[in-house]
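Heavy atoms only: backbone and side chains are in, while hydrogens, waters and symmetry mates are out.
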Amino acid sequence: MLAALLAGLLLAAPAPRPTAPPPNACAAPLGMIGPRAAPLTVRWYFDPVILGAHELWLELHRLVADYDGLVQVRPILVVSAVHSEQHHRDARRWVVAAAHLGRAEEALHRLDVDGPERFAAQLRVAPERIAALLGLPIADVQRALDDPCIDQTLARGSVELRRAIHHNQLRAGRPPAFAIGALPVFEDGARLDGVRREIEHALRRQPAPRPSPRRERAISPRLARPPAAVGMLVGGIAPPHRLVLFAEQEDHPVFVLLAPVLALRARRPGSLAIQVIARGPSANAVRLRRRLCAARHLGAELEYMRVLALDYGADTPRARDLRDRLDAAAERQRCGEDEERLEAAKDAPLALPEGIWLDGAALGQRELGAIEREILSIERAVQPLDAVFSPAAPPET
C-alpha cells in the first residue's frame, strides 16, 4: 500500500522544468561565416528583429567571398533595449530557435518580409504555418523554443556587446554593430563600407603577403537578364539595365519601394526595364503569377506595375478594375498552370536566389531608393567616359 501511495505521488508531481545549462554549454546557433582558418575575424552583433538583418546576412557572405579565405564573420545574437515589446520578444526567440535548427537565413528573410509585429501575430494564430514556411516541423520548433539555450545565447551576446561598448570611447555600438580584431566596436550601413575599410587597414598591418580582394559587387549572369517570358517584364528587352525582383504575393513589401524606380523610368524612358517574378506554391503566389501572365498578354504590364507599386494592395477603383480584367484574361489565356517559374530550390535548373537585383547584382533597400546613383555607378565601372544611360543595349539572353 505504501508503494502504491508513493507511485501516486510521483505521478501527481509536476514534470521538472528545464534547468538552465551551465555557462558556455550552448553552442552558437549561427556558427561562422567563412573559413575557420581565416586570419581576421569580424564580429557582427545584431538583433534579428531590427529590419535589415537578412540583407546584412547576404552582404556578409559576399564580403567573405570577396576576401577569399582571409576573413571570417562571427554572428552574435543580441537583444536591443529599444526593441523590447512582446512581439519583439516572440519574434526574436522564434528566429533563434530556427537558427538552432539550421534555418537562420530562412527565418531572417521571413522576419524582414513580414516585420516583427506581423510575424509575431502570425505566430500566435498559426505557428505551424510559419514553421512550414521555414521548412521545419512545428514539434521541432517547439522543442527548440523550450530549450534554455535560447535565452542564454541572447544574454551572452548582449553582455558581450555591452562590454565592447563600455570599452569604446570613440564610436557608438548600437546593433547592428561590428568589431574587427582588437578594434573598438562600430556601426555601419548595409553596404558595409566601414567594415571593408577596417578590414583593409587590418590586413595591411599583417606581415604576410595577400592577394588583392575582389572589390566589385558579385554579378550573377542568370539574374542580369532572366528569360523575358518569365513573370512580367515592363519595358521590354531593349533597355540597357534591368531590375529583377521576386515576390510571393501582390502586397509584398518590395513593391512599395519601387516608386523611385518608376519615377526614374518616367524621367529617362528606355533606360531601365523591370521584371517581376512570382515565386512559391501558395495561393497568393499563384494568383500573382496568373495576373503577371495576363498583364503580359493584355499589354498592361506598366499599368499593373503602377497598381502594385503605387496602390500597394489597396482596393482602389483603378486597382479593382485592372484585377478584374487580369483575372478574366488569365482564364482565357490559361495562365498559371503552365507558367514557367524560376524557383529557389537548389536543384532546379533555373534556380535563382531571393532578393532584388540590378543587372545581376544584389540591391538593398537603400540602393533601391537611390536607383539613379546605382546605375551611374554601373555605367562608370563599365565605360567611365560614356553618358549615364548608354543607348547601346546588351543582347537578350
Side-chain angles (χ1 to χ4, degrees), residues 7 9-33 36 44-51 53-54 56-58 60-61 73-80 83-161 175-176 248 280-282 344-347 354:
L9 289 173
L10 288 173
L11 289 173
R17 297 181 63 183
T19 56
N24 301 321
C26 299
L30 296 173
M32 300 292 289
I33 303 173
R36 292 187 177 276
W44 170 35
Y45 300 96
F46 76 104
D47 187 337
V49 301
I50 298 178
L51 295 184
H54 181 253
L56 277 174
W57 172 273
L58 297 177
L60 285 165
H61 277 78
V73 175
R74 178 186 164 208
I76 303 171
L77 290 153
V78 303
V79 176
S80 170
H83 294 80
S84 58
E85 297 183 35
Q86 187 61 49
H87 64 268
H88 291 131
R89 295 195 294 270
D90 293 344
R92 184 185 293 119
R93 294 189 88 256
W94 255 76
V95 171
V96 181
H100 275 286
L101 295 171
R103 290 291 191 276
E105 182 172 349
E106 293 85 349
L108 291 174
H109 174 252
R110 191 75 253 158
L111 187 54
D112 261 11
V113 167
D114 292 338
E117 191 166 3
R118 183 182 177 191
F119 185 83
Q122 293 182 88
L123 293 179
R124 289 192 294 271
V125 175
E128 65 283 347
R129 176 180 175 274
I130 299 298
L133 287 173
L134 302 182
L136 294 169
I138 185 61
D140 290 355
V141 179
Q142 194 57 56
R143 280 193 295 270
L145 287 169
D146 293 337
D147 190 338
C149 277
I150 286 184
D151 296 319
Q152 188 182 106
T153 295
L154 291 167
R156 186 174 57 202
S158 301
V159 168
E160 182 178 328
L161 177 59
E248 299 166 351
S282 69
K346 294 181 179 179
D347 56 350
E354 299 285 351

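- Once rounded to the nearest 0.5 Å, the distance linking CZ of R103 with NE2 of H109 reads 15.0 Å.
- In this structure, CG in L77 is found 11.5 Å from CD in E160, a value given to the nearest 0.5 Å.
- Two residues are said to be in side-chain contact when any heavy atoms from C-beta on lie closer than 4.5 Å; P75 and I33 meet this criterion.
- Under the 4.5 Å side-chain criterion, counting only non-hydrogen atoms from C-beta, H100 is not in contact with D147.
- Atom CZ of residue R129 and atom CG of residue L134 lie 10.5 Å apart, to the nearest 0.5 angstrom.
- Annotation: side chain to side chain donor-acceptor pair (under 3.5 Å) contacts of E117 (sequence neighbours excluded): none.
- A distance of 5.5 Å separates CG in L123 from CH2 in W94, rounded to the nearest 0.5 Å.
- Summarising the geometry of A53 relative to L108, their closest heavy-atom pair is CB-CD2, 4.0 Å, with the distance given to 0.1 Å.
- Electrostatic pairing of R143 and D140 counts as a salt bridge here, judged by a charged N lying under 4.0 Å from a carboxylate O.
- One distance of note links OH of Y45 with CZ of R74; it measures 6.5 Å at 0.5 Å rounding.
- Judged by distance alone, with hydrogens and angles left aside, the side-chain atoms of R92 form no donor-acceptor pair with the main-chain N or O of P48 at under 3.5 Å.
- Considering all non-hydrogen atoms of both residues, D47 and S80 come closest at OD2-N, 2.8 Å.
- L145 places a side-chain heavy atom less than 4.5 Å from the side chain of R93.
- Using a 4.5 Å heavy-atom threshold, the side chains of L51 and P116 count as touching.
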(Q) If you apply the rule side chain to side chain contact (heavy atoms under 4.5 Å, CB included), what do you find for L58 with E105, and how did you get there? (A) CA-CA 9 Å; L58 297 177; E105 182 172 349; 3.5 Å; yes
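- Between H61 and W57, the two ring planes are tilted [angle within 30° to 60°].
- Separation of atoms CZ (R124) and CG (D90) is listed at 6.5 Å; rounding is to 0.5 Å.
- Here the side chains of L30 and F46 are in contact, with some heavy-atom distance below 4.5 Å.
- Counting heavy atoms from C-beta on, the side chains of R156 and I76 never come closer than 4.5 Å.
- A donor-acceptor pair is defined here as one N or O able to donate and one able to accept, closer than 3.5 Å; no such pair exists between the side chain of H83 and the backbone of V79.
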